[in-house]
There are 2 protein chains.
Amino acid sequence: MPTKHDVERFFSRGHRQYVPHLSVDCVIFGFHDGDLKLLLLKWKNSDIWVLPGGYVRWRESLDAAAHRVLRERTGLRRLYLKQFHAFGGMDRREGDIRRLFATLGVTAPRTAWPLERVVSIGYYALVDFSKVRPKGDYLSDRCEWCPIEVRPRLAFDHDVIATTALDSLRESLDAGTLEASLLPARFTMPELQRLHEAILGRSLDRRNFQKRMLERRVVERLSLRRAGGAHRSPFLYRFAASRSR
Amino acid sequence: MPTKHDVERFFSRGHRQYVPHLSVDCVIFGFHDGDLKLLLLKWKNSDIWVLPGGYVRWRESLDAAAHRVLRERTGLRRLYLKQFHAFGGMDRREGDIRRLFATLGVTAPRTAWPLERVVSIGYYALVDFSKVRPKGDYLSDRCEWCPIEVRPRLAFDHDVIATTALDSLRESLDAGTLEASLLPARFTMPELQRLHEAILGRSLDRRNFQKRMLERRVVERLSLRRAGGAHRSPFLYRFAASRSR
DNA sequence: CCAAAAGTGTTGCAATTACACCCATGC
DNA sequence: GCATGGGTGTAATTGCAACACTTTTGG
(Lines give C-alpha, C1' and ligand atoms only; values in the text may rest on other atoms or scores of the structure.)
Protein backbone atom coordinates (compact mmCIF):
# COMPACT_ATOMS: atom_id res chain seq x y z
CA MET A 1 0.00 0.00 0.00
CA PRO A 2 1.35 3.40 -0.92
CA THR A 3 1.52 5.92 1.82
CA LYS A 4 1.14 9.64 1.48
CA HIS A 5 4.88 9.75 1.96
CA ASP A 6 5.47 7.51 -1.06
CA VAL A 7 3.49 9.82 -3.28
CA GLU A 8 5.27 12.89 -1.96
CA ARG A 9 8.57 11.16 -2.60
CA PHE A 10 7.42 10.42 -6.15
CA PHE A 11 6.80 14.12 -6.65
CA SER A 12 10.10 15.23 -5.24
CA ARG A 13 12.42 12.48 -6.49
CA GLY A 14 10.69 10.82 -9.43
CA HIS A 15 12.63 12.75 -12.05
CA ARG A 16 15.81 11.03 -10.89
CA GLN A 17 14.37 7.73 -12.04
CA TYR A 18 12.17 8.81 -14.94
CA VAL A 19 12.57 11.00 -17.99
CA PRO A 20 10.32 14.00 -17.33
CA HIS A 21 7.74 15.25 -19.86
CA LEU A 22 7.41 11.78 -21.31
CA SER A 23 5.12 8.84 -20.67
CA VAL A 24 3.70 5.78 -22.33
CA ASP A 25 0.01 4.86 -22.26
CA CYS A 26 -1.13 1.37 -23.11
CA VAL A 27 -4.44 0.36 -24.65
CA ILE A 28 -4.64 -3.32 -23.75
CA PHE A 29 -7.11 -5.31 -25.82
CA GLY A 30 -8.49 -8.65 -24.71
CA PHE A 31 -11.22 -10.83 -26.12
CA HIS A 32 -13.74 -12.72 -24.01
CA ASP A 33 -17.37 -13.79 -24.34
CA GLY A 34 -17.45 -12.46 -27.88
CA ASP A 35 -16.54 -8.98 -26.75
CA LEU A 36 -13.45 -6.90 -27.27
CA LYS A 37 -12.36 -5.55 -23.89
CA LEU A 38 -9.96 -2.97 -22.50
CA LEU A 39 -7.94 -3.28 -19.33
CA LEU A 40 -8.60 -0.14 -17.29
CA LEU A 41 -7.51 1.22 -13.94
CA LYS A 42 -9.65 3.08 -11.41
CA TRP A 43 -7.84 5.56 -9.22
CA LYS A 44 -8.09 5.21 -5.50
CA ASN A 45 -10.89 7.08 -3.71
CA SER A 46 -12.48 8.29 -6.90
CA ASP A 47 -14.53 7.30 -9.93
CA ILE A 48 -11.76 8.28 -12.27
CA TRP A 49 -10.73 5.63 -14.79
CA VAL A 50 -7.54 5.75 -16.81
CA LEU A 51 -5.49 3.70 -19.22
CA PRO A 52 -2.53 1.83 -17.76
CA GLY A 53 0.54 3.94 -18.27
CA GLY A 54 3.83 4.92 -16.83
CA TYR A 55 6.91 7.00 -17.12
CA VAL A 56 10.01 6.06 -19.05
CA ARG A 57 13.20 5.27 -17.16
CA TRP A 58 16.41 6.99 -18.06
CA ARG A 59 18.04 3.91 -19.52
CA GLU A 60 15.02 2.29 -21.12
CA SER A 61 13.71 2.56 -24.65
CA LEU A 62 10.09 3.54 -25.28
CA ASP A 63 9.29 -0.02 -26.31
CA ALA A 64 10.89 -1.37 -23.16
CA ALA A 65 8.88 1.04 -21.02
CA ALA A 66 5.65 -0.09 -22.66
CA HIS A 67 6.62 -3.73 -22.16
CA ARG A 68 7.34 -3.04 -18.52
CA VAL A 69 3.94 -1.38 -18.00
CA LEU A 70 2.27 -4.30 -19.72
CA ARG A 71 4.12 -6.81 -17.61
CA GLU A 72 3.23 -4.98 -14.41
CA ARG A 73 -0.48 -4.86 -15.22
CA THR A 74 -0.99 -8.24 -16.89
CA GLY A 75 1.85 -10.46 -15.69
CA LEU A 76 2.66 -11.30 -19.32
CA ARG A 77 6.18 -11.03 -20.70
CA ARG A 78 5.56 -11.72 -24.35
CA LEU A 79 2.72 -10.09 -26.16
CA TYR A 80 1.83 -8.21 -29.29
CA LEU A 81 2.70 -4.59 -28.75
CA LYS A 82 2.57 -1.75 -31.22
CA GLN A 83 3.25 1.92 -30.98
CA PHE A 84 0.50 3.78 -32.79
CA HIS A 85 0.65 7.50 -32.05
CA ALA A 86 2.23 10.22 -29.92
CA PHE A 87 -0.15 12.52 -28.08
CA GLY A 88 1.38 15.91 -27.61
CA GLY A 89 -1.32 18.47 -27.07
CA MET A 90 -0.66 21.03 -24.39
CA ASP A 91 -3.79 20.76 -22.32
CA ARG A 92 -3.88 17.01 -21.95
CA ARG A 93 -3.23 16.76 -18.21
CA GLU A 94 -2.91 19.90 -16.21
CA GLY A 95 -6.45 20.04 -14.90
CA ASP A 96 -7.01 16.41 -14.09
CA ILE A 97 -3.68 15.52 -12.57
CA ARG A 98 -4.15 17.82 -9.61
CA ARG A 99 -7.57 16.33 -8.91
CA LEU A 100 -6.14 12.84 -9.09
CA PHE A 101 -3.48 13.50 -6.53
CA ALA A 102 -5.89 15.44 -4.36
CA THR A 103 -7.93 12.26 -3.94
CA LEU A 104 -4.85 10.69 -2.39
CA GLY A 105 -4.61 13.48 0.15
CA VAL A 106 -1.54 14.92 -1.50
CA THR A 107 -1.49 18.54 -2.56
CA ALA A 108 0.96 18.72 -5.40
CA PRO A 109 3.58 21.43 -5.03
CA ARG A 110 3.38 24.06 -7.74
CA THR A 111 6.62 23.06 -9.35
CA ALA A 112 6.29 19.26 -9.23
CA TRP A 113 7.64 17.61 -12.37
CA PRO A 114 4.57 15.42 -13.11
CA LEU A 115 2.47 18.58 -13.38
CA GLU A 116 4.50 19.89 -16.24
CA ARG A 117 3.76 19.26 -19.86
CA VAL A 118 3.82 15.57 -20.77
CA VAL A 119 3.90 13.96 -24.20
CA SER A 120 2.50 10.47 -24.15
CA ILE A 121 3.44 7.72 -26.56
CA GLY A 122 0.45 5.48 -27.22
CA TYR A 123 0.87 1.73 -27.52
CA TYR A 124 -1.76 -0.89 -28.02
CA ALA A 125 -1.33 -4.47 -26.88
CA LEU A 126 -3.16 -7.66 -27.77
CA VAL A 127 -3.26 -10.27 -25.06
CA ASP A 128 -4.74 -13.67 -24.38
CA PHE A 129 -7.55 -12.82 -21.99
CA SER A 130 -7.32 -16.13 -20.19
CA LYS A 131 -3.67 -15.66 -19.32
CA VAL A 132 -3.94 -12.20 -17.85
CA ARG A 133 -4.05 -11.60 -14.11
CA PRO A 134 -4.97 -7.93 -13.85
CA LYS A 135 -2.99 -6.14 -11.20
CA GLY A 136 -3.37 -2.45 -10.42
CA ASP A 137 -0.60 -0.09 -9.52
CA TYR A 138 -0.13 1.73 -6.28
CA LEU A 139 -2.34 4.61 -7.34
CA SER A 140 -5.33 2.46 -8.27
CA ASP A 141 -7.72 0.31 -6.33
CA ARG A 142 -9.22 -1.54 -9.29
CA CYS A 143 -7.81 -3.01 -12.49
CA GLU A 144 -10.51 -4.53 -14.67
CA TRP A 145 -11.56 -5.59 -18.13
CA CYS A 146 -14.29 -3.38 -19.57
CA PRO A 147 -16.19 -4.14 -22.79
CA ILE A 148 -15.09 -1.59 -25.32
CA GLU A 149 -18.65 -0.61 -26.15
CA VAL A 150 -19.72 0.12 -22.59
CA ARG A 151 -16.63 1.39 -20.88
CA PRO A 152 -16.52 4.17 -18.33
CA ARG A 153 -15.48 7.61 -19.41
CA LEU A 154 -11.74 7.99 -19.12
CA ALA A 155 -9.76 10.88 -17.65
CA PHE A 156 -7.32 13.14 -19.51
CA ASP A 157 -7.44 12.49 -23.23
CA HIS A 158 -7.50 8.75 -22.67
CA ASP A 159 -10.79 8.29 -24.52
CA VAL A 160 -9.18 9.79 -27.59
CA ILE A 161 -6.17 7.55 -27.12
CA ALA A 162 -8.35 4.45 -26.82
CA THR A 163 -10.40 5.36 -29.88
CA THR A 164 -7.30 6.07 -31.93
CA ALA A 165 -5.86 2.72 -30.86
CA LEU A 166 -8.95 0.87 -32.06
CA ASP A 167 -8.83 2.68 -35.40
CA SER A 168 -5.21 1.70 -35.75
CA LEU A 169 -5.95 -1.90 -34.83
CA ARG A 170 -8.71 -2.07 -37.45
CA GLU A 171 -6.41 -0.85 -40.16
CA SER A 172 -3.79 -3.48 -39.53
CA LEU A 173 -6.20 -6.34 -38.96
CA ASP A 174 -5.85 -8.20 -42.22
CA ALA A 175 -2.10 -8.25 -41.90
CA GLY A 176 -2.54 -11.65 -40.30
CA THR A 177 -0.46 -12.69 -37.33
CA LEU A 178 -2.16 -10.11 -35.24
CA GLU A 179 -5.14 -12.00 -33.88
CA ALA A 180 -2.94 -14.83 -32.63
CA SER A 181 -2.16 -12.75 -29.58
CA LEU A 182 -5.79 -12.31 -28.60
CA LEU A 183 -6.77 -15.97 -28.59
CA PRO A 184 -5.62 -19.07 -26.78
CA ALA A 185 -3.56 -21.64 -28.68
CA ARG A 186 -6.66 -23.52 -29.80
CA PHE A 187 -9.90 -21.92 -30.81
CA THR A 188 -12.92 -22.50 -33.01
CA MET A 189 -13.72 -20.77 -36.26
CA PRO A 190 -16.77 -18.95 -34.84
CA GLU A 191 -14.60 -17.64 -32.03
CA LEU A 192 -12.09 -16.27 -34.52
CA GLN A 193 -14.89 -14.76 -36.53
CA ARG A 194 -16.42 -13.03 -33.53
CA LEU A 195 -13.02 -11.60 -32.71
CA HIS A 196 -12.77 -10.11 -36.17
CA GLU A 197 -16.30 -8.78 -35.89
CA ALA A 198 -15.53 -7.21 -32.52
CA ILE A 199 -12.47 -5.47 -33.91
CA LEU A 200 -14.13 -4.33 -37.12
CA GLY A 201 -17.40 -3.42 -35.48
CA ARG A 202 -19.52 -5.13 -38.12
CA SER A 203 -20.74 -8.63 -38.88
CA LEU A 204 -19.13 -10.88 -41.46
CA ASP A 205 -20.45 -13.71 -43.58
CA ARG A 206 -19.72 -16.99 -41.85
CA ARG A 207 -18.98 -18.96 -45.02
CA ASN A 208 -16.81 -16.42 -46.75
CA PHE A 209 -14.91 -15.84 -43.55
CA GLN A 210 -14.09 -19.51 -43.09
CA LYS A 211 -13.10 -19.84 -46.72
CA ARG A 212 -10.68 -16.92 -46.55
CA MET A 213 -9.03 -18.08 -43.36
CA LEU A 214 -8.43 -21.55 -44.77
CA GLU A 215 -7.48 -20.56 -48.31
CA ARG A 216 -4.93 -18.05 -47.10
CA ARG A 217 -3.58 -20.59 -44.64
CA VAL A 218 -4.12 -18.22 -41.75
CA VAL A 219 -5.21 -21.12 -39.58
CA GLU A 220 -4.83 -24.89 -39.60
CA ARG A 221 -7.58 -27.22 -38.65
CA LEU A 222 -6.83 -29.76 -35.94
CA SER A 223 -8.49 -33.14 -35.96
CA LEU A 224 -10.21 -32.28 -32.73
CA ARG A 225 -13.60 -30.89 -31.97
CA ARG A 226 -14.78 -28.93 -29.02
CA ALA A 227 -17.34 -31.09 -27.27
CA GLY A 228 -19.80 -30.02 -24.63
CA GLY A 229 -21.50 -27.24 -26.54
CA ALA A 230 -25.23 -27.24 -27.04
CA HIS A 231 -25.03 -28.01 -30.75
CA ARG A 232 -22.81 -29.52 -33.38
CA SER A 233 -19.23 -29.67 -32.13
CA PRO A 234 -16.99 -27.22 -33.96
CA PHE A 235 -13.46 -28.06 -35.08
CA LEU A 236 -10.52 -26.58 -33.27
CA TYR A 237 -7.94 -24.54 -35.15
CA ARG A 238 -4.54 -23.06 -34.49
CA PHE A 239 -2.69 -20.28 -36.22
CA ALA A 240 -0.40 -21.47 -38.97
CA ALA A 241 3.31 -21.01 -38.39
CA SER A 242 3.96 -19.52 -41.82
CA ARG A 243 1.43 -18.33 -44.30
CA SER A 244 1.33 -17.69 -48.02
CA ARG A 245 -0.02 -14.17 -47.87
CA MET B 1 25.65 33.74 -38.58
CA PRO B 2 25.77 31.96 -35.29
CA THR B 3 28.72 32.62 -33.10
CA LYS B 4 30.34 30.24 -30.70
CA HIS B 5 28.64 32.28 -28.01
CA ASP B 6 25.20 31.58 -29.50
CA VAL B 7 25.79 27.86 -29.38
CA GLU B 8 27.07 27.98 -25.83
CA ARG B 9 24.02 29.96 -24.86
CA PHE B 10 21.83 27.33 -26.49
CA PHE B 11 23.49 24.72 -24.29
CA SER B 12 23.15 26.64 -21.10
CA ARG B 13 19.74 28.31 -21.60
CA GLY B 14 17.89 26.27 -24.20
CA HIS B 15 15.87 24.28 -21.70
CA ARG B 16 14.12 27.48 -20.63
CA GLN B 17 12.62 27.74 -24.07
CA TYR B 18 12.31 24.10 -25.09
CA VAL B 19 10.95 20.94 -23.48
CA PRO B 20 14.02 18.79 -22.82
CA HIS B 21 14.27 15.16 -23.95
CA LEU B 22 11.87 15.79 -26.80
CA SER B 23 12.25 16.75 -30.42
CA VAL B 24 10.50 16.54 -33.75
CA ASP B 25 12.18 15.37 -36.94
CA CYS B 26 10.64 16.08 -40.32
CA VAL B 27 10.97 13.99 -43.46
CA ILE B 28 10.06 16.47 -46.18
CA PHE B 29 9.09 14.90 -49.48
CA GLY B 30 9.14 16.78 -52.73
CA PHE B 31 8.73 15.67 -56.32
CA HIS B 32 10.77 16.97 -59.23
CA ASP B 33 12.11 15.62 -62.51
CA GLY B 34 10.31 12.35 -61.93
CA ASP B 35 12.10 11.73 -58.65
CA LEU B 36 10.93 11.75 -55.09
CA LYS B 37 13.28 13.93 -53.07
CA LEU B 38 14.07 14.71 -49.48
CA LEU B 39 15.00 18.06 -48.03
CA LEU B 40 18.21 17.56 -46.05
CA LEU B 41 20.55 19.72 -44.03
CA LYS B 42 24.34 19.57 -43.96
CA TRP B 43 25.99 20.65 -40.74
CA LYS B 44 28.57 23.38 -40.85
CA ASN B 45 32.20 22.37 -41.29
CA SER B 46 31.42 18.71 -41.77
CA ASP B 47 30.01 16.14 -44.15
CA ILE B 48 27.26 15.23 -41.74
CA TRP B 49 23.74 15.29 -43.15
CA VAL B 50 20.60 15.28 -41.04
CA LEU B 51 16.85 15.61 -41.31
CA PRO B 52 15.38 19.00 -40.48
CA GLY B 53 14.24 18.92 -36.91
CA GLY B 54 13.85 20.96 -33.80
CA TYR B 55 12.88 21.08 -30.20
CA VAL B 56 9.38 21.62 -28.89
CA ARG B 57 8.57 24.84 -27.10
CA TRP B 58 6.92 24.76 -23.73
CA ARG B 59 3.61 26.10 -24.94
CA GLU B 60 3.43 24.44 -28.31
CA SER B 61 1.85 21.16 -29.34
CA LEU B 62 3.87 18.53 -31.19
CA ASP B 63 1.99 19.31 -34.39
CA ALA B 64 2.67 23.03 -33.97
CA ALA B 65 6.36 22.35 -33.45
CA ALA B 66 6.51 20.29 -36.62
CA HIS B 67 4.69 23.01 -38.54
CA ARG B 68 7.13 25.57 -37.23
CA VAL B 69 10.13 23.51 -38.34
CA LEU B 70 8.56 23.05 -41.75
CA ARG B 71 7.86 26.74 -42.08
CA GLU B 72 11.41 27.65 -41.11
CA ARG B 73 12.97 25.29 -43.67
CA THR B 74 10.59 25.64 -46.59
CA GLY B 75 8.83 28.96 -46.12
CA LEU B 76 5.48 27.19 -46.48
CA ARG B 77 2.67 27.69 -44.00
CA ARG B 78 0.14 25.19 -45.25
CA LEU B 79 1.21 21.72 -46.18
CA TYR B 80 0.38 18.10 -45.72
CA LEU B 81 1.90 16.97 -42.45
CA LYS B 82 1.52 13.66 -40.70
CA GLN B 83 2.96 12.22 -37.56
CA PHE B 84 4.06 8.67 -38.27
CA HIS B 85 6.20 7.30 -35.44
CA ALA B 86 8.04 8.11 -32.24
CA PHE B 87 11.69 7.11 -32.05
CA GLY B 88 12.72 6.35 -28.54
CA GLY B 89 15.78 4.14 -28.51
CA MET B 90 18.45 5.02 -26.01
CA ASP B 91 21.51 5.21 -28.21
CA ARG B 92 20.09 7.39 -30.91
CA ARG B 93 22.23 10.49 -30.34
CA GLU B 94 24.86 10.42 -27.67
CA GLY B 95 27.82 9.61 -29.89
CA ASP B 96 27.03 11.85 -32.82
CA ILE B 97 25.84 14.94 -31.03
CA ARG B 98 29.21 15.61 -29.45
CA ARG B 99 30.92 15.31 -32.82
CA LEU B 100 28.43 17.68 -34.35
CA PHE B 101 29.03 20.38 -31.82
CA ALA B 102 32.76 19.76 -31.91
CA THR B 103 32.77 20.81 -35.57
CA LEU B 104 31.43 24.17 -34.44
CA GLY B 105 34.34 24.58 -32.05
CA VAL B 106 32.11 24.09 -29.04
CA THR B 107 32.97 21.43 -26.48
CA ALA B 108 29.71 20.44 -24.91
CA PRO B 109 29.74 20.47 -21.13
CA ARG B 110 29.13 17.08 -19.63
CA THR B 111 25.75 17.98 -18.23
CA ALA B 112 24.31 19.94 -21.16
CA TRP B 113 20.62 19.22 -21.72
CA PRO B 114 20.81 18.43 -25.46
CA LEU B 115 23.24 15.59 -24.67
CA GLU B 116 20.71 13.79 -22.55
CA ARG B 117 18.33 11.21 -23.84
CA VAL B 118 15.96 12.53 -26.51
CA VAL B 119 12.81 10.98 -27.90
CA SER B 120 12.02 12.21 -31.36
CA ILE B 121 8.57 12.37 -32.89
CA GLY B 122 8.75 11.73 -36.61
CA TYR B 123 6.61 13.67 -39.07
CA TYR B 124 6.54 13.50 -42.79
CA ALA B 125 5.49 16.38 -44.99
CA LEU B 126 4.46 16.57 -48.62
CA VAL B 127 5.25 19.82 -50.35
CA ASP B 128 5.04 21.40 -53.77
CA PHE B 129 8.66 21.35 -54.88
CA SER B 130 8.30 24.50 -56.93
CA LYS B 131 7.05 26.56 -54.01
CA VAL B 132 9.79 25.66 -51.57
CA ARG B 133 12.70 27.98 -50.91
CA PRO B 134 15.05 25.81 -48.86
CA LYS B 135 16.62 27.66 -45.99
CA GLY B 136 19.03 26.10 -43.51
CA ASP B 137 19.18 26.78 -39.82
CA TYR B 138 22.01 28.36 -37.93
CA LEU B 139 23.82 25.05 -37.49
CA SER B 140 23.86 24.13 -41.16
CA ASP B 141 25.56 25.54 -44.21
CA ARG B 142 23.49 23.70 -46.80
CA CYS B 143 19.81 22.84 -47.16
CA GLU B 144 19.11 20.85 -50.28
CA TRP B 145 16.82 18.47 -52.07
CA CYS B 146 18.32 15.00 -52.49
CA PRO B 147 16.82 12.22 -54.62
CA ILE B 148 15.58 9.58 -52.24
CA GLU B 149 17.45 6.82 -54.03
CA VAL B 150 20.85 8.47 -53.97
CA ARG B 151 20.89 10.46 -50.79
CA PRO B 152 23.85 10.89 -48.48
CA ARG B 153 24.07 8.75 -45.39
CA LEU B 154 22.35 10.53 -42.52
CA ALA B 155 23.56 10.96 -38.96
CA PHE B 156 21.94 9.57 -35.81
CA ASP B 157 19.12 7.19 -36.67
CA HIS B 158 17.86 9.54 -39.37
CA ASP B 159 18.19 6.96 -42.13
CA VAL B 160 15.82 4.73 -40.19
CA ILE B 161 13.44 7.65 -39.69
CA ALA B 162 13.47 8.48 -43.41
CA THR B 163 12.89 4.86 -44.42
CA THR B 164 10.05 4.47 -41.95
CA ALA B 165 8.49 7.67 -43.27
CA LEU B 166 8.54 6.34 -46.82
CA ASP B 167 6.94 3.07 -45.72
CA SER B 168 4.25 5.01 -43.94
CA LEU B 169 3.69 7.22 -46.98
CA ARG B 170 3.31 4.18 -49.20
CA GLU B 171 0.68 2.68 -46.98
CA SER B 172 -1.52 5.74 -47.06
CA LEU B 173 -1.04 6.52 -50.72
CA ASP B 174 -4.34 5.35 -52.15
CA ALA B 175 -6.25 7.41 -49.61
CA GLY B 176 -6.40 10.08 -52.30
CA THR B 177 -5.94 13.73 -51.32
CA LEU B 178 -2.37 13.06 -50.44
CA GLU B 179 -0.59 13.58 -53.73
CA ALA B 180 -2.19 16.98 -54.19
CA SER B 181 0.42 18.40 -51.84
CA LEU B 182 3.33 17.17 -53.91
CA LEU B 183 2.31 18.63 -57.25
CA PRO B 184 1.60 22.09 -58.56
CA ALA B 185 -1.99 23.09 -59.27
CA ARG B 186 -1.83 21.78 -62.83
CA PHE B 187 -0.02 18.69 -63.92
CA THR B 188 -0.12 16.02 -66.61
CA MET B 189 -1.20 12.44 -66.19
CA PRO B 190 2.29 11.02 -66.78
CA GLU B 191 3.60 13.34 -64.09
CA LEU B 192 1.04 12.07 -61.63
CA GLN B 193 1.86 8.52 -62.59
CA ARG B 194 5.56 9.01 -62.08
CA LEU B 195 4.84 10.46 -58.67
CA HIS B 196 2.92 7.33 -57.73
CA GLU B 197 5.67 5.16 -59.10
CA ALA B 198 8.30 7.08 -57.15
CA ILE B 199 6.35 6.63 -53.93
CA LEU B 200 5.51 2.99 -54.50
CA GLY B 201 8.90 2.11 -55.91
CA ARG B 202 7.47 0.11 -58.82
CA SER B 203 6.11 0.83 -62.27
CA LEU B 204 2.42 0.98 -63.04
CA ASP B 205 0.44 0.33 -66.21
CA ARG B 206 -0.13 3.63 -67.96
CA ARG B 207 -3.65 2.83 -69.20
CA ASN B 208 -4.98 1.33 -66.03
CA PHE B 209 -3.56 4.17 -64.01
CA GLN B 210 -5.27 6.81 -66.09
CA LYS B 211 -8.54 4.91 -66.01
CA ARG B 212 -8.54 4.65 -62.22
CA MET B 213 -7.69 8.28 -61.66
CA LEU B 214 -10.51 9.41 -63.92
CA GLU B 215 -13.14 6.87 -62.88
CA ARG B 216 -12.62 7.60 -59.22
CA ARG B 217 -12.71 11.31 -59.94
CA VAL B 218 -9.36 11.83 -58.30
CA VAL B 219 -8.48 14.35 -60.97
CA GLU B 220 -10.33 16.51 -63.47
CA ARG B 221 -9.13 17.09 -66.95
CA LEU B 222 -8.73 20.68 -68.07
CA SER B 223 -9.27 21.67 -71.68
CA LEU B 224 -5.65 22.67 -71.92
CA ARG B 225 -2.63 20.84 -73.09
CA ARG B 226 0.98 21.31 -72.19
CA ALA B 227 2.76 22.44 -75.31
CA GLY B 228 6.46 22.58 -75.92
CA GLY B 229 7.26 18.96 -75.19
CA ALA B 230 8.97 16.85 -77.78
CA HIS B 231 5.92 14.74 -78.55
CA ARG B 232 2.18 14.74 -78.42
CA SER B 233 0.98 17.43 -76.00
CA PRO B 234 -0.50 15.88 -72.88
CA PHE B 235 -3.65 17.20 -71.21
CA LEU B 236 -3.40 19.12 -68.00
CA TYR B 237 -5.31 17.97 -64.91
CA ARG B 238 -6.11 19.28 -61.49
CA PHE B 239 -7.16 17.47 -58.34
CA ALA B 240 -10.91 17.28 -57.94
CA ALA B 241 -12.41 19.21 -55.05
CA SER B 242 -14.55 16.32 -53.82
CA ARG B 243 -14.33 12.74 -54.89
CA SER B 244 -16.65 9.76 -54.82
CA ARG B 245 -14.26 7.36 -53.17
C1' DC C 1 -37.87 -34.45 -34.06
C1' DC C 2 -36.66 -29.93 -34.07
C1' DA C 3 -34.15 -25.73 -33.09
C1' DA C 4 -29.78 -23.87 -33.39
C1' DA C 5 -25.21 -23.88 -34.59
C1' DA C 6 -21.41 -25.73 -37.73
C1' DG C 7 -19.65 -27.27 -42.20
C1' DT C 8 -19.47 -26.91 -47.44
C1' DG C 9 -20.06 -25.27 -52.50
C1' DT C 10 -21.81 -22.25 -56.32
C1' DT C 11 -22.73 -18.23 -58.62
C1' DG C 12 -22.39 -13.30 -59.94
C1' DC C 13 -20.41 -8.89 -59.68
C1' DA C 14 -16.81 -5.66 -59.38
C1' DA C 15 -12.21 -4.36 -59.38
C1' DT C 16 -7.79 -5.12 -61.08
C1' DT C 17 -4.60 -6.79 -64.60
C1' DA C 18 -2.94 -7.62 -69.09
C1' DC C 19 -2.61 -6.22 -73.51
C1' DA C 20 -3.07 -3.63 -78.73
C1' DC C 21 -4.15 0.08 -81.42
C1' DC C 22 -4.45 5.02 -82.85
C1' DC C 23 -2.88 10.02 -82.44
C1' DA C 24 0.23 13.95 -82.14
C1' DT C 25 4.74 16.09 -82.35
C1' DG C 26 9.74 17.22 -83.27
C1' DC C 27 13.56 15.92 -85.65
C1' DG D 1 8.39 9.36 -92.10
C1' DC D 2 9.58 7.61 -87.99
C1' DA D 3 10.61 7.33 -83.27
C1' DT D 4 8.67 8.60 -79.07
C1' DG D 5 5.40 9.50 -75.96
C1' DG D 6 0.23 10.35 -75.08
C1' DG D 7 -4.68 8.82 -75.30
C1' DT D 8 -8.37 5.06 -75.43
C1' DG D 9 -10.81 0.40 -75.31
C1' DT D 10 -11.44 -4.65 -74.47
C1' DA D 11 -10.78 -9.27 -72.77
C1' DA D 12 -9.27 -12.26 -68.90
C1' DT D 13 -8.66 -12.92 -64.30
C1' DT D 14 -9.08 -12.54 -59.60
C1' DG D 15 -11.10 -11.52 -55.25
C1' DC D 16 -15.05 -10.77 -52.74
C1' DA D 17 -19.94 -10.88 -51.68
C1' DA D 18 -24.31 -13.07 -51.78
C1' DC D 19 -26.64 -17.04 -51.03
C1' DA D 20 -28.91 -22.46 -49.83
C1' DC D 21 -28.39 -26.81 -48.36
C1' DT D 22 -26.66 -30.56 -45.28
C1' DT D 23 -24.83 -32.25 -40.74
C1' DT D 24 -24.52 -32.54 -35.87
C1' DT D 25 -26.00 -31.99 -31.20
C1' DG D 26 -28.88 -31.33 -26.89
C1' DG D 27 -33.26 -30.99 -25.24
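Throughout, protein chains are lettered first and strands after them, A, B, ... in sequence-line order, and every chain is numbered starting at 1. Source: prediction; values computed, not measured.
Taking for each of B/Asn208 and B/Arg194 the nucleotide of DNA chain D with the nearest heavy atom, the 5'-most of the two is the partner of B/Arg194. Projected onto DNA chain C by closest heavy-atom contact, A/Met189 and B/Arg212 fall at different nucleotides, the more 5' of which corresponds to A/Met189.
Between the CZ atom of B/Phe209 and the P atom of D/dG7 there is a distance of 12 Å, rounded to whole Å. Atom P of nucleotide D/dG6 and atom CG of B/Leu192 are separated by 13 Å, given to the nearest angstrom. Counting to the nearest Å, the P atom of D/dC16 and the NE2 atom of A/His196 are 13 Å from each other. Taking atom CE on B/Met213 and atom P on D/dG6, their separation rounds to 16 Å, with Å as the unit. We find that CD of A/Gln193 is positioned 11 Å from C1' of C/dA6, with the value rounded to whole Å. Nucleotide D/dA12 holds its P atom 17 Å from the CG atom of B/Asp205, rounded to whole Å. D/dG6 atom P lies 15 Å from atom CZ of B/Phe187, rounded to whole Å. Look at CG on B/Leu204: it is 16 Å from P on C/dC19, rounded to the nearest Å.
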- [ ] Check the pair A/Glu60 / A/Arg68 against side chain to side chain contact (heavy atoms under 4.5 Å, CB included), numbers first and verdict last.
- [x] CA-CA 10 Å; A/Glu60 179 184 60; A/Arg68 176 171 52 78; 2.7 Å; yes

TODO: Indicate for each nucleotide in nucleotides 20-27 of chain C, in 5' to 3' sequence, whether protein heavy atoms under 4.0 Å reach the base (B), only the sugar-phosphate (S), or nothing (-).
DONE: B--BBBS-

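You'll find that the side chain of B/Arg216 is closest to C/dA15, out of C/dA15, D/dA18, D/dG7.
Of the side-chain N and O atoms in A/Gln210, none sit less than 4.0 angstrom from OP1 or OP2 of C/dA6.
Side-chain contact check for A/Phe29 versus A/Leu38: some heavy-atom pair is nearer than 4.5 Å.
Between the side chain of B/Lys211 and the base of D/dT10, a donor-acceptor pair under 3.5 Å is found.
Using a distance-only test at 3.5 Å, with no hydrogens or angles considered, no donor-acceptor pair links the side chain of B/Lys44 to the main chain of B/Arg142. Under the 3.5 Å distance criterion, the side-chain polar atoms of B/Ser140 are left unmatched by any main-chain donor or acceptor of B/Gly136. B/Asp128 contributes a side-chain N or O that, together with a main-chain N or O of B/Ser130, makes up a donor-acceptor pair within less than 3.5 Å.
Within the structure, ring-ring contact (aromatic ring centres under 6.0 Å, His included) contacts touching residues 145-166 of chain B (residues at least two apart or in different chains) are B/Phe129-B/Trp145, B/Phe156-B/His158.
Stacking of B/Arg221 on the aromatic ring of B/Tyr237 is not recorded, the 6.0 Å distance cut-off and the 45° axial limit not both being met.
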